[in-house]
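What follows is a short report on a single structure.
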Amino acid sequence: MKVEEEECIWIAAGKPLPHGTPTLPHGTPTLPHGTPALPHRKPVAHVVLAAVLVLGACGDAETQQAAPEAALEQAAAAVDGDYIRSVVAELADDAYEGRAPGTEGDRQARAFMQAELERLGFEPAFDGEWQQPFELVGIRSEMPATWRFERGGESVELAASTDFIAASGVQAERAAVQGAELVFVGYGIQAPEYDWDDFKGADLQGRVLVMLNNDPDWDPELFAGVERLYYGRWTYKYESAARQGAAGAIIIHTTPSAGYPWQVVQSSWSGEQFQLPAGDEPRIAIESWVTEEAARRLFALAGHDLDALIERARRRDFEPVPLGVTTSIELANTLTRTQSANVAGVLRGSDPELADEYVIYLAHHDHLGKGVPNPSGDQSDTIYNGARDNASGVGMVLAIGSAFAALPEPPRRSIMLLFVGAEEQGLLGSEYFAAHPPVHPGKMAAAVNFDSGNIWGATRDIVFIGLGKSSLDEVATRVAERLGRVVKGDEFPDRGYYYRSDQFNFAKIGVPAFYFDPGTEFVGRPEGWGVERINEWNERDYHQPSDELTDDWRFDGMVEDARFGFFAGHLIANADELPRWNPGDEFEAARLRALEEAGR
């Protein structure tokens, strides 16, 4: 290669010239004086244009071949830490009051994201509209100060918040259970594929079902071992109880089985709760949690040892155990109706045959609003700002949008940036989007979710939540090789992250979906440091007012992870074939149906 050609490629790639490389010949074109800069993309806009001019001047065929790669690298450079920080600072400001669904802060957040999408040059995703409104039913329940359980003249009383949390499962002014018997149903799971049925045909109509959290985790051939499946999620538990005709359900909380401490249950289930308007699906009147200590008291009242019953529940031949304990509880509900909305913009693909297929990047924009202070924190702070969860994810997705907007030409498939609402209330915004998609699921190439970015610094690894489920593994591996990183599967598989964030609703309609979680091998830090930081944050800040933007946040890890997501989506958007679920995966059948319906 001639010296002049090598210079062109290094400059086009945005890299410093190797030591000793001669300078470009006199007269090489440069940017015209006064070329305007685009907000947040100033360096990229200039460098990409400069690269095009320089490559044009070089003119060599070999050099021209390097142009797309150079432009891709320069577009990735548009993912900027200062920009991500500015998004977090905006959305996590106290002025937004925690971005609870239907509030003024929610509306302000949606307006902000819409303006950013417009500024980036994206187009409205919903038939000419930027937002997809959906109705929410708000339920504010008044729990009794105590919940009484009786058996044979003896009783146990549990204290609200300290021992139990109860919420309404029905959209009515009153939710009640009257004189219902408690029945222990183990894990409360029916899974024919694992030959597992905790109910064994028992008549549970009108009962209150007491359930263990999580799913069976002691055998890798049974329920995927320590990896939590949807069977282990609290949403499944309540749905399962409703299918049995139960009046209510009590989940026994432990920190290991839930993946978070009791204070998260307290904060997440206090205040107004939101649901999509009810349909004809079965529902239970009372959805509740109790602490492990409270559960032991209830089982002792019934004459049983909790540990012994847990051992029985670990067997396939387990049968429901009536406890002989009865209870009544009534919640007075205040109902409201409000609206939130999903916000989305589209960058149209460049291939006429593939532009009607989409790579979807998503992040939820809501948080918990206002509530009680941290138990051990600032008692005057009642705003749940949701800086990491999930203003950081919104910032990363917008930064990825900046990278796609900086490309000289869009990829073959279209790119959608989607910001969903009411995630904290049970993935409601993405559930509504999946039920009312602006594009058929068979035309969705993949969904890439960002939920709670890395605030501690750069890592050698990146965690792929969903590794082993689809052909997207190959995409992640290629990007990792490009960037010199290592892809790992879920490092906390017992917490069931795949079923706890919005990609789950895309998977249910067949769309190959995953999300990137922060790695744990932090550059310049000892082994185990990253796991300690993540666990510490979960214990102290998750779903608390202390989830705020602070001076010690670092953004280099978020930048690296967002660039990883950009390269991955670019590969998916330009591939000849659509991603697929691995044979036998739980979501494969839904994908095949969607592709057939879409004519693929």
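Just so you know, residue 1 is the first one in the sequence shown, and it goes up from there. In this text the structure is predicted, and so the values were computed from the model without any measurement.
Between Ala247 and Gly206 the shortest heavy-atom distance is CB-O, 3.6 Å. The shortest non-hydrogen separation linking Met143 to Ser161 is CE-N, 4.4 Å. Of all the heavy atoms in Gly98 and Ile383, the pair that sits closest is N-CG2, 3.7 Å. For Val420 against Gly429, the heavy-atom pair with the smallest separation is CB-C, 4.2 Å. Tyr515 approaches Ser501 most closely through the heavy-atom pair CE2-CB, 4.2 Å. Considering every non-hydrogen atom in both Gly102 and Ser340, the closest pair reads N-CB, 4.4 Å.
Going from atom CZ of Phe149 over to atom OG1 of Thr326 covers 10.0 Å, rounded to the nearest 0.5 Å. With rounding to the nearest 0.5 angstrom, the OH atom of Tyr498 is 10.5 Å from the CD atom of Glu227. We find the CZ-CG distance between Arg99 and Leu368 to be 9.5 Å, quoted to the nearest 0.5 Å. Rounded to the nearest 0.5 angstrom, Ile455 CD1 and Arg85 CZ are separated by 11.0 Å. Note that the OG atom of Ser452 and the CG atom of Asp517 stand 8.0 Å from one another [nearest 0.5 Å]. Taking CG of Asp541 as the start and CG of Asp389 as the end, the distance is 11.0 Å to the nearest 0.5 Å.
A 4.5 Å side-chain heavy-atom check between Val321 and Leu309 finds at least one atom pair inside the cut-off. The shortest distance between side-chain heavy atoms of Ile329 and Pro144 falls below 4.5 Å. Between Trp147 and Ile250 there is a side-chain heavy-atom pair separated by less than 4.5 Å. Annotation: side chain of Tyr361 is not in contact with side chain of Met396 (no heavy-atom distance under 4.5 Å). Proximity of Asp94 to Glu548: side-chain heavy atoms (C-beta onward) are separated by under 4.5 Å at one or more points. Taking the side chain as every heavy atom from C-beta outward, Asp547 and Gln544 never approach each other to under 4.5 Å. Contact check for Phe492 versus Asn535: side-chain heavy atoms found under the 4.5 Å cut-off. Using a 4.5 Å heavy-atom threshold, the side chains of Trp262 and Ile165 count as touching.
Distance alone, capped at 3.5 Å, is enough to place a donor-acceptor pair between the Ser267 side chain and the Val264 backbone. Between the side chain of Arg148 and the backbone N or O of Val156, no donor-acceptor pair lies under 3.5 Å. Proximity of a side-chain donor or acceptor of Arg283 to a complementary backbone N or O of Ser168 within less than 3.5 Å is not detected. Without hydrogens or angle criteria, Asp106 side chain to Pro101 main chain gives no donor-acceptor distance under 3.5 Å. With Asn342 contributing its side chain and Ala344 its backbone, the two residues share no donor-acceptor pair below 3.5 Å. Side-chain N or O atoms of Gln171 include one that pairs as donor or acceptor with a backbone N or O of Leu276 at under 3.5 Å. Using modelled atom types, one side-chain atom of Arg151 and one backbone atom of Leu301 make a donor-acceptor pair closer than 3.5 Å. Of the possible donor and acceptor atoms, none in the side chain of Asn213 sits under 3.5 Å from a partner among the backbone N and O of His253. Side chain of His364 to backbone of Asp451: no donor-acceptor contact under 3.5 angstrom is found. The main-chain N or O of Leu427 is found under 3.5 Å from a side-chain atom of Asn505 such that the two form a donor-acceptor pair.
Here Trp196 and Phe223 bring their ring centres to under 6.0 angstrom of each other. For an aromatic pair to be called close, the ring centres must be under 6.0 Å apart, and Phe134 with Phe433 fails this.
More than 12 heavy atoms of other residues, nucleotides or ligands sit less than 6.0 Å from atom CG of Asp552. Enclosure of atom CD in Glu142 is not indicated, since only 12 or fewer non-hydrogen atoms of other residues, nucleotides or ligands lie within 6.0 angstrom. Under a cut-off of 6.0 angstrom, the local environment of CD in Glu281 is crowded, with over 12 non-hydrogen atoms contributed by other residues, nucleotides or ligands. No more than 12 heavy atoms of other residues, nucleotides or ligands shown are found within 6.0 angstrom of CD on Glu173.
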Going through the checks in order, is the side chain to side chain contact (heavy atoms under 4.5 Å, CB included) test met by Glu423 and Leu362?
-> CA-CA 11 Å; Glu423 187 268 358; Leu362 66 146; over 6 Å; no
Apply the test side chain to side chain donor-acceptor pair (under 3.5 Å) to residues Tyr96 and Glu90: give CA-CA distance (whole Å), side-chain angles for both, the deciding distance (0.1 Å), then the verdict.
-> CA-CA 8 Å; Tyr96 286 79; Glu90 177 69 27; 2.5 Å; yes
Full working for side chain to side chain contact (heavy atoms under 4.5 Å, CB included) between Leu209 and Tyr238 | CA-CA 9 Å; Leu209 308 188; Tyr238 295 144; over 6 Å; no
Could you walk me through whether Ile534 and Glu491 pass the side chain to side chain contact (heavy atoms under 4.5 Å, CB included) check?
-> CA-CA 11 Å; Ile534 293 170; Glu491 296 196 288; over 6 Å; no
Let me see the working for Leu331 and Ile286 under side chain to side chain contact (heavy atoms under 4.5 Å, CB included), right down to the final yes or no.
-> CA-CA 8 Å; Leu331 305 180; Ile286 301 295; 3.7 Å; yes
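Classification of the Tyr194-Tyr231 ring pair by plane angle, with boundaries at 30° and 60°, yields perpendicular. In this structure, Phe516 and Phe450 have tilted ring planes: the angle between them lies in the 30° to 60° band.
Taking a cutoff of 4.0 Å between a charged side-chain nitrogen and a carboxylate oxygen, Arg591 and Asp585 do not qualify as a salt bridge. Salt bridge status for Asp307 with Arg296: present, with a side-chain N to carboxylate O gap under 4.0 Å. Salt bridge Arg533/Glu536: present, at least one basic N to carboxylate O contact under 4.0 Å. Ion pairing of Lys237 with Glu287 is absent here, as no side-chain N (NZ or NE/NH1/NH2) approaches a carboxylate O to less than 4.0 Å.
Judged purely by distance below 3.5 Å, without hydrogens or angles, the side chains of Thr336 and Glu272 pair a donor atom with an acceptor atom. Using modelled atom types and a 3.5 Å distance limit, the side chains of Gln263 and Tyr542 yield no donor-acceptor pair. Between Trp456 and Asn454, the side chains place no donor N or O within less than 3.5 Å of an acceptor N or O (distance only, hydrogens not considered). Side-chain atoms of Glu239 and Tyr230 form a donor-acceptor pair, as typed in the model, at a separation below 3.5 Å.
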When the side chains of residues 176-192 are checked against the rest of the protein, which donor-acceptor pairs come out under 3.5 Å, sequence neighbours left out?
from	atom 1	to	atom 2	distance (Å)
Glu181	OE2	Gly324	N	3.1
Gln190	OE1	Gln244	NE2	3.2
Gln190	NE2	Asp197	OD1	3.4

